[in-house]
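This report concerns only the one structure given below.
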Amino acid sequence: MFTLHSFAFAPSKFQISASSSSSTTPGVNLSALQSALAKKDSAAVKEALGALSEVGWAKRWNSQPYVSCRTTSLRELTSLGIKNADNLAIPSVRNDAAFLFTVVGTTGFLGVLAGQLPGDWGFFVPYLIGSISLIVLAIGSIAPGLLQAAIGSFSSFFPDYQERIARHEAAHFLISYLLGLPILGYSLDIGKEHVNLIDERLEKLIYSGQLDSKELDRLAVVAMAGLAAEGLQYDKVVGQSADLFTLQRFINRSKPQLSKDQQQNLTRWAVLISASLLKTNKVLHEALMTAMSNKATVLQCIEAIEQAA
C-alpha cells in the first residue's frame, strides 16, 4: 500500500528544523519562536505564538480552536466541492498498479525480444527476465517496505505527484496551525513525506488511550486535512491511506469507544471541516504550498501563513 504521507507525533522523526532561519518580518521579534522551534519544544512554541498573537502578529494561530463533530452527509461534502465524496475512504491503488503494470509489461516485452537470441541464450535469458516479476511480487509479500520505496520513486513520474504532495502536506500544516496545534517539522521528500505535530499533552493522552471527544475531533480534522485538500482539487485522492490509518489510530485511543457508524460519521465530518477551512483560507494554503515546495524552514512557513494577503 503506497503511503503519500505519514503524520507523526514522535519527536525522533523530525526532518527539518527552524534553527537556521531568520525573521523576514520587520518590526516583529520572532527570536523566542525561533528558539523554541530550534529546541523542538512544543510548549515553548505555543507560548511564543500566543504572545505574538496578543501583540497582533500571529492572527491565524489558534484562530479556529473550537470544532465539534456533528452528523454529516455525503451530500454536504459534494456541495462543498469534494470530488467523488463516496470514494474518499477507498485506498488508491493508482501508483501500485502503474508500477506493477510497468514491471510486468517491460519484462514481458524484453522476454519476447530475448527469445530471439540464438541457442541456449534464447531459453535462459527470457526465463531470467520473466522471473523479475515473480521477485517483485515476493518482495511485496516478504518486505513490503522495500517495494513501497520503489513505488514511491516510480510515482514521481506522474506529472501531478509533487504538486499533490505539497498540497497534501501544506493542508496538514495549515489546519494544525489554525487549530492551535504546533508543527515542528515536515518533509516533501519522496518516500519521506510527512508533517510532524508535536504536543506533549496529546502524546500522553494518545499513549494512555484517554483521548476525549474534544481532542479526538481536533485531531480528526488535522488527520483528514490532506485527504480533503486532494479531494477538492482532484477527481481521485491518492494519499488517503496513511491519513485514514492515522485517524483510526486516534479513534482506537479514545474514550468512550465509537461505534462503526460513529467512526464513519467522524471521518465525513472531519473531511467537511478541513475542506471548509481550506476553501476559506485558500490564499494561505497556496502561500504555504509555495514555501514548503521551496524547502522553507518551519518559521518561514509560519511567516508565509501570517503574511499571506
*asked:* A quick test of your reading: do over 12 heavy atoms of other residues, nucleotides or ligands sit less than 6.0 Å from CD of Glu47?
replied: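 Open.
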Spell out, as yes or no, whether a donor-acceptor pair under 3.5 Å connects the side chain of [X] to the backbone of [Y].
X      : Y      : answer
Ser35  : Ser31  : no
Asn281 : Leu277 : yes
His172 : Val222 : yes
Asn196 : Tyr186 : no

Work out which heavy atom in [X] is nearest to a heavy atom in [Y]; give both atom names and the distance.
X      : Y      : answer
Ile305 : Arg60  : O-NH1, 2.8 Å
Met289 : Ala170 : CG-CB, 3.6 Å
Leu278 : Ala225 : CD1-O, 3.7 Å
Ala275 : Ala228 : N-CB, 3.7 Å
Phe250 : Leu211 : O-CD1, 3.8 Å

Taking atom [atom1] of [X] and atom [atom2] of [Y], what is their separation to the nearest 0.5 Å?
X      : Y      : atom1 : atom2 : answer
Ser254 : Glu215 : OG    : CD    : 12.0 Å
Arg253 : Ile206 : CZ    : CD1   : 8.5 Å
Ile82  : Leu74  : CD1   : CG    : 11.0 Å
Gln248 : Gln263 : CD    : CD    : 4.5 Å
Leu33  : Lys46  : CG    : NZ    : 14.0 Å
Lys255 : Ser213 : NZ    : OG    : 14.0 Å

*asked:* Can you tell whether the side chains of Arg167 and Glu230 come within less than 4.0 Å, N to carboxylate O?
replied: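 The answer is no: the pair does not qualify as a salt bridge.
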*Tell me, please, which residues at least two apart from Arg75 pass salt bridge (charged side-chain N to carboxylate O under 4.0 Å, His left out).*
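If we apply the salt bridge (charged side-chain N to carboxylate O under 4.0 Å, His left out) test to Arg75, skipping adjacent residues, there are no hits.
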*Out of Asp243, Leu247, Thr267, which one pairs with Leu227 under the side chain to side chain contact (heavy atoms under 4.5 Å, CB included) rule?*
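When Asp243, Leu247, Thr267 are each tested with Leu227, the side chain to side chain contact (heavy atoms under 4.5 Å, CB included) holds only for Asp243.
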*Between Tyr177 and Glu306, does any side-chain donor sit less than 3.5 Å from a side-chain acceptor?*
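Yes, side-chain donor-acceptor contact under 3.5 Å.
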